[in-house]
Amino acid sequence: MDIVNGPDITIRLSGDAGQGLESSGAGFVLAAARAGLHVLGTPDYRSRVRGGNNFFQVRVGNSPVYSQPHEINVLLALTADAVTTHADSVMEGGVVLTPAEVNVDDSLLRPRNITLIQPPLVELAKQHGDKMMTNTAALAALAALVGFPLQAIQDVIAKNFSRKGAEAVLKNQAVANAAHEATMKDAGRVPWKVSVPAHPQPRMAIAGNQAFALGAMAGGCRFMSAYPMTPATTIVEWLSSVPPEYGMVTKHAEDEIAAICMAIGAAYTGARAMTATSGGGFCLMVEALGLAGMTEVPVVIVDAQRGGPSTGLPTRTEQGDLLFAVHAGHGEFPRIVIAPRTTEDCFEMGWRAFNLAERYQCPVIVLTDMLLAGSIKTIDPVDFAAVPIDRGRAIELDEHPGDGFKRFEFADDGISPRAFPGDPEAVFASSSDEHDETGHINEDADNRVRMMQKRMRKLETAAAAARPPELYGPADAETTLLAWGSTYGPCREAVDLLNADGRPAANLLSLTDLWPLAPSTEDLLRDRRIIAVEGNYSSQLAQLLRMKTGVSVEGSITRYDGRPFSPEEIMEQVKEGQFAAV
Amino acid sequence: MDIVNGPDITIRLSGDAGQGLESSGAGFVLAAARAGLHVLGTPDYRSRVRGGNNFFQVRVGNSPVYSQPHEINVLLALTADAVTTHADSVMEGGVVLTPAEVNVDDSLLRPRNITLIQPPLVELAKQHGDKMMTNTAALAALAALVGFPLQAIQDVIAKNFSRKGAEAVLKNQAVANAAHEATMKDAGRVPWKVSVPAHPQPRMAIAGNQAFALGAMAGGCRFMSAYPMTPATTIVEWLSSVPPEYGMVTKHAEDEIAAICMAIGAAYTGARAMTATSGGGFCLMVEALGLAGMTEVPVVIVDAQRGGPSTGLPTRTEQGDLLFAVHAGHGEFPRIVIAPRTTEDCFEMGWRAFNLAERYQCPVIVLTDMLLAGSIKTIDPVDFAAVPIDRGRAIELDEHPGDGFKRFEFADDGISPRAFPGDPEAVFASSSDEHDETGHINEDADNRVRMMQKRMRKLETAAAAARPPELYGPADAETTLLAWGSTYGPCREAVDLLNADGRPAANLLSLTDLWPLAPSTEDLLRDRRIIAVEGNYSSQLAQLLRMKTGVSVEGSITRYDGRPFSPEEIMEQVKEGQFAAV
Amino acid sequence: MQPSDLSLNVFESDAENTWCPGCGDFAILRGLKLALVEAGIHPHEALLVSGIGCGSKLPDYMHVNGFMTIHGRPLAIATGAKLANPNLHVLVVNGDGDSYGIGGNHFVHTCRRNPDITHIVENNQVYGLTKGQYSPTSEKGFITTTSPDGAIEAAFNPIAVALAAHATFVARSFSGDPKHMARMIVAGMNHRGYALIDVLQPCVIYNKLNTYDWYKQRIYRLEDEGHDPSDHTAAAARAQEWGDRIPIGVFFQTEAEHAYEQDVRALAAGTPVESATRLHRDPRPEQYEALRQRFL
Amino acid sequence: MQPSDLSLNVFESDAENTWCPGCGDFAILRGLKLALVEAGIHPHEALLVSGIGCGSKLPDYMHVNGFMTIHGRPLAIATGAKLANPNLHVLVVNGDGDSYGIGGNHFVHTCRRNPDITHIVENNQVYGLTKGQYSPTSEKGFITTTSPDGAIEAAFNPIAVALAAHATFVARSFSGDPKHMARMIVAGMNHRGYALIDVLQPCVIYNKLNTYDWYKQRIYRLEDEGHDPSDHTAAAARAQEWGDRIPIGVFFQTEAEHAYEQDVRALAAGTPVESATRLHRDPRPEQYEALRQRFL
Ligand SMILES: Cc1ncc(C[n+]2csc(CCOP(=O)(O)OP(=O)(O)O)c2C)c(N)n1
Ligand SMILES: Cc1ncc(C[n+]2csc(CCOP(=O)(O)OP(=O)(O)O)c2C)c(N)n1
Ligand code: SF4
Ligand code: SF4
Ligand SMILES: [Mg+2]
Ligand SMILES: [Mg+2]
């Protein structure tokens, strides 16, 4: 496997919503993954169903790719509008591939020496299938240009269109053949080539939300209730697509309040249960979050962040919910907040969230974001056998706690024995009111103080086992970037860019366990020149760290326009040294 | 006016829920207020309607009283249970007044030299009225013991029972007469006397929630939607009791989501509108809070805090919602958080909240708490004429903004011109999606960045005008207490106790404007040995201040059992120097 | 019918009861215990979910698996519990404010969803625990602190709405008649699907209008007038009766519809609770291979 | 009837329309404009509140006071606006998910509350903007990403529920017939109280079942069959019709009830908006003296 003329190639597929770009893009990612390449595919779309310019960007590399670069090599544009909109992003000497039927304003391309290639893709699609298959034609044309084997594209077409029937497969394959053939003559005009090894190592091509869903199933989650909300919807949609044999129960609820309440009801009875939403839906879940905190129900809640506040930028990315997630709910109760940084993390958090929830008997909030949720990445095949299950202090159905079972025993580490309704030996009550050890309502001051302390001790117990910030790059460096969530990817690549000349200019501290913080956090932060890089306005992680450790960052680099960071812009801002105050 | 044998007297009225203690207590407070005394009356009740021990504690003083002390002078107990429960709180040499019909275990009293006085109150009530009037009898007996004029009690009976009819008034007055007479013989056994001036200066006796409601009306609020929730309910109840001539529209909504949404709808059209709830209801309002933030609607939300998390201690006090209120909502938007410390503050916040909301075009959260909400205090009569009204950049109906009105203009201070629907010259749209200056949905990155910055600039504008922490006591002192909300009262008195010997041992920094913080906050905090005193588990104000200023407190004194602080316990903890870490 | 080991005192709890003397909730507590004995359900076999309010304290006062949750949400929580473990007998008990006020959305959707849950509403037509505000079921003109001029909204009619929302079992009972109530609850538990039992429950403190006497003068039994519970139209007509004559009994019942969980195909593979328990002892990673293949 | 200065283009907006070609929402936009012209209401006299969804973008596409709020809440927001300024013509337009799914509680309580609000529901029986999940009004068996085996809940019947919940004006229209829709909207606006107009709106992308053709084959007009809109029982019976024959038109209307705001006594003293405006110019503190006296 090799990429000719560069460590990687980035291709942007662009057109109107409804032209099938995202599925073409995903098809290309899968084909490249099967061919043993490292790929990252990132969608960009508006809050509308048809029309309006969308794009899907694919970066293909020899080694793992963590983000989308500032400039693209090839633009595959299905409409004139797509060319106009994205021409600026094409690098000097890059390529624009567009159907001959699209009228292109050459003046946008010529000054920057961009090659325009225009096979008659619409016509070919009509001729061999139908006009709707123009995206298939474009994909095959693209393969021809970058030397990617047509067979790999054909295989993916076979897989993806199989549920639409044999005719759909055949027609799309015919269109692909024709487009590939018609475009081969231009292949010489494109400098970058992807060459594929004979025996590629298989990789999974998976979106963050799918990885999370798969991880959740691996972790024993068999109940999910949710109300649709971008970018969380694909979790419940994917789990709903799992065949009944898996026993995966999903419920599309009437609203987010019902969604979290159903999950709490399910978790209460002993299932591993979750819900997923975005910030607006999470707002509605806050009261029930407190119920789970008070009655110690291990429910998992995914907040897939998008641009806020309110409806905001509903199809774009942001990291704006951190301080809210940590403080959501009136009164004080333990909760755990974790955030995946990569697609691999998404899978791991999928099962880990349930272990944490059951071990500490509290709600766990998983903060993912649009960029992670929707981007498709190649990852090493996940290993289900290695997934550990930890159900904490759940008593077995054949244990005999006997009379007067103390569900809320004043345990030293705060973790009381947990039974499930149905156990003849452990009939018990729980109440959202303050309660005694047996779960009955109790207003006495002494009991209150002890029960509050018992609950809050769980936070210390959980902190002791939390993962500390992780260092990437040289142990010591002039500048330490600080990141969480999907911003990890571009930061990591920015560190590599900054250190490219061998000098330890930068390293990166990244956190997955955001609340409670590992006790070593303060030590890890001290005596560094830290620049927080966050996809929000107010550098929320930096604020959280100052609140909890007293350590201040030097400044921050923020982005809140709903678009992802590129490694190049982080590098440049670090070099310029102009940071926002926190 | 004078209190004999002490600067003040504290009397606890106790019995079962439903025995009319709270109204007797309130009656006594009013009588004392009319007599020109300074009074603070504080209820303590359980989450039940009848039965179970409750109490109402009245402190009467020569000068303003800010809190309830650790020990009481007189216990007025209507049941045997009340004696058992509260005997410990009676000071050495104190008095227990209880109907002769109540069986008292003398061994609880004798060792600590407590005088027991038992007139036949139940019998007298039956004889002159009915058994339900035992509380009236007890009140008159109390007056006899502490030398409080019977006439003042009779006047209040006349006022309070007038809606129940002349017979109720006469019977209660007869009961009072008889009880007073029967108890006079024991008056000599009580050392503390309240003597009343001939021409007392009138004071208002008012609960915090009523003061807030009155302040809101003074500030032009004429719309309130709410869903009942202790301890906020009395705000909407009181405003509902205002006669129709005042034009005060209240709406008991189907839930808290509807409550805040109705208030937002009303504020949007140009009314001064609010809602009130407690933490659990506030949780449900968070999504709409973000709507108000995004569409810049000046809605006022009262969160009357009570013991959390979840249903928690529903009739008890707490200060557990601060960090939640500051961070509630996904994404980032300006909001203002203010908290009254005293009953006087409650009135002021009532109108000030609307001025802030309209000036900065954002939601204002008023954090009050059970202790303030329900305590009845004497205050100087409020002055309506002095209440300023500031409607901010609201355009007048006769201004002519003309075509293409820019409701969300990119103003330098973030504050754009505001019109109200109905203005023929300023038809406009608003959207919870990101929008352009005219309010129409817009996803462009540039517009997003500018609009986000415009909104967030309002926070800086508001911070510049925010009230800085206020100092009480000597400018320099060994220890600085830090307080907000109702904890101000006991802290203020603790400072006086600590400085009683003339040495500047302590002073107090208290905040009303919690978010955004005044820019001078950091300077005011620096170089002091600060002990935060908070009615919560985790010292939320101290955390907030560290997050925003980097300044750490030395430690904290916390209480989270739902009971108020006493000045004595704060003093003692300061002296002992054992603090919780923050 | 009664298993020998079951009697009322099996359900006895020593928690202090905080209801006012004379409160209609006492009879509901008794009616529910009677019903469980009658139906042969042991404390560990049932899960009783409530919200917040006077009536919602009920689970605290009996020995049974009880979950006292938050205001308005017990139906949603109960639905999750039922789907995770269909072997439990899941019941909900909550007030009129909880059920039809703040909980109204879950109510209408649970009706059409039809999970096998028995729902007992303590309908005192007022907000008790918060000290007497009007509730959705308060009659027009009802004077409270939040309706000082009398309520000006048409009262919510739970029977009519449940019928319109596709409920498959709709009944009403009365606190003055615990045996009738027990009968209704048993019928509701035997019904395969969602069963609404709206119980007219006098609040002796805050509702001076709809008292025991007021009800006794008006109540009649549907069965006494030959009402046919399979007749939806007749049920809807009876649902409109209020004022002079108030029907109690089963308004409507149909077994023509499946309970929701019967149609959840994934449940055939084992319940979510069983899956979690199995996994705890015996992880079976091989079953995931097919899922993994989707991404390869 | 038409004031001379009013025409469709007064309501024209230059915002980019993002609906899919063929979407049934276009006709609703047109129907609403026609109705406003017909009723003689100018852009500044109306307030059009929406939620979130494809249909809820409608206010962005016309020149009128528009408030695009959050998912499920427009009725509550509109109620506040109406109570604060009853002079405004307040309308709500939102999707079926917004109105009957997440917004179901406000829906049932608005019905019985009866504020003078005209409510147009863009009922495409699916969640459009979130890309095709089933909605409360989706028919049983409807296959979507969240109901891969077909929906297993009985569909929510908005007409039946509105009738049971005391709505005073209940109508249905169809996107294929903008004139009928305009007529329904005008009737709804002329109605003194809450008016529900549920509009059958084909979603050409995510609902391949309930298409224009499907509806056209089934729809008939209530007026053509002599339906009497004052007959509640007949209305309830017609509400049950679906499948082969689908009625459109006014199911029910009564003017016997006051609109909510007519019974709010405080409004006689001036609206909350007027009070705030007056106060701005002319504070009248003396009026508070009586309130102060309560505490002295
Ligand atoms: C979210 C939320 N809002 C409000 C409350 C306050 N609250 C407690 S009980 C109750 C209503 C009680 O009425 P109902 O449900 O009819 O029960 P009842 O007390 O009459 O039995 C309310 C509003 C709460 N606990 N939670
Ligand atoms: C609180 C909340 N939950 C979920 C969403 C996501 N969401 C946006 S539109 C929509 C439903 C759209 O369906 P409908 O209301 O029927 O409108 P349509 O798009 O079909 O016109 C949902 C669930 C949201 N914006 N807010
Ligand atoms: S207030 Fe009413 S409902 Fe509540 S316990 Fe007392 S009588 Fe029962
Ligand atoms: S998805 Fe459906 S409802 Fe939404 S705009 Fe397209 S056709 Fe209309
Ligand atoms: Mg009730
Ligand atoms: Mg829809």
Side-chain angles (χ1 to χ4, degrees), chain C residues 72 79 99-115 135-138 140-141 147-168 170 193-194 232-237 239-240 254 256-266, chain D residues 72 79 99-115 136-138 140-141 147-168 170 193-194 232-237 239-240 254 256-267:
Chain C
T79 300
S99 192
Y100 311 132
I102 190 168
N105 206 29
H106 312 306
F107 173 61
V108 293
H109 289 287
T110 305
C111 286
R112 67 188 190 86
R113 184 167 295 144
N114 202 34
S135 94
T137 54
S138 295
K140 258 200 172 174
S147 57
D149 302 324
I152 59 174
E153 286 151 307
F156 183 82
N157 183 331
I159 306 292
V161 173
L163 289 169
H166 289 282
T168 56
V170 182
Y194 172 68
H232 197 272
T233 310
Q240 295 305 326
T254 174
E257 308 278 333
H258 282 180
Y260 182 86
E261 62 276 15
Q262 292 181 283
D263 287 345
V264 176
R265 291 177 58 204
Chain D
T79 300
S99 192
Y100 311 132
I102 191 168
N105 206 29
H106 312 306
F107 174 61
V108 293
H109 289 287
T110 304
C111 286
R112 67 187 191 85
R113 184 166 295 145
N114 202 32
T137 53
S138 296
K140 257 199 174 176
S147 58
D149 301 325
I152 60 175
E153 286 151 307
F156 183 82
N157 183 331
I159 305 294
V161 173
L163 289 169
H166 289 282
T168 56
V170 182
Y194 172 69
H232 197 270
T233 310
Q240 295 305 325
T254 173
E257 308 279 333
H258 282 179
Y260 181 86
E261 62 276 14
Q262 291 181 282
D263 287 345
V264 176
R265 291 178 55 204
L267 281 172

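In what follows, chains carry the letters A, B, and so on, assigned in the order in which the sequence lines appear, proteins first and then strands, with residues in each chain numbered from 1.
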Asker: I need the residue from C:Ala154, C:Ala165, C:Ala160, C:Ala236 with the largest number of non-hydrogen atom pairs under 4.5 Å to chain D.
Answerer: C:Ala154

Asker: Can you see which heavy atom on D:Tyr260 is nearest to which on C:Glu153, and at what distance?
Answerer: CE1-CG, 3.7 Å

Asker: Measure distances from C:Gln262 to the heavy atoms of chain D and classify the residue's part below 4.5 Å as side chain, backbone, both or neither.
Answerer: neither

Asker: Are any side-chain N or O atoms of D:His109 and backbone N or O atoms of C:Phe156, one a donor and one an acceptor, separated by less than 3.5 Å?
Answerer: no

Asker: Closest approach of C:Ala164 and D:Ala164, non-hydrogen atoms and distance?
Answerer: CB-CB, 3.7 Å

Asker: So what's closer than 4.5 Å to chain D heavy atoms on C:Ile102: side chain, backbone, both or neither?
Answerer: backbone

Asker: What's the spacing between C:Ile152 CD1 and D:His258 NE2 if we round to 0.5 Å?
Answerer: 10.5 Å

Asker: May I ask you to decide if C:Gly103's main-chain N or O and D:Asn105's side chain share a donor-acceptor pair within less than 3.5 Å?
Answerer: no

Asker: Of all the heavy-atom pairs spanning D:Pro136 and C:Arg112, show the shortest one and how long it is.
Answerer: CA-NH2, 3.4 Å

Asker: At a heavy-atom separation under 4.5 Å, does D:Phe107 approach chain C through its side chain, its backbone, both, or neither?
Answerer: neither

Asker: Just verifying a value: how many Å separate C:Lys140 NZ and D:Glu257 CD, rounded to the nearest 0.5 Å?
Answerer: 4.0 Å

Asker: Side chain, backbone, both or neither: which part of C:Ala155 has a heavy atom under 4.5 Å from chain D?
Answerer: backbone

Asker: Quick one: what part of C:Asp263 sits under 4.5 Å from any heavy atom of chain D, side chain, backbone, both or neither?
Answerer: both

Asker: Please state whether the side chain, the backbone, both or neither of C:Val108 comes within less than 4.5 Å of a heavy atom of chain D.
Answerer: side chain

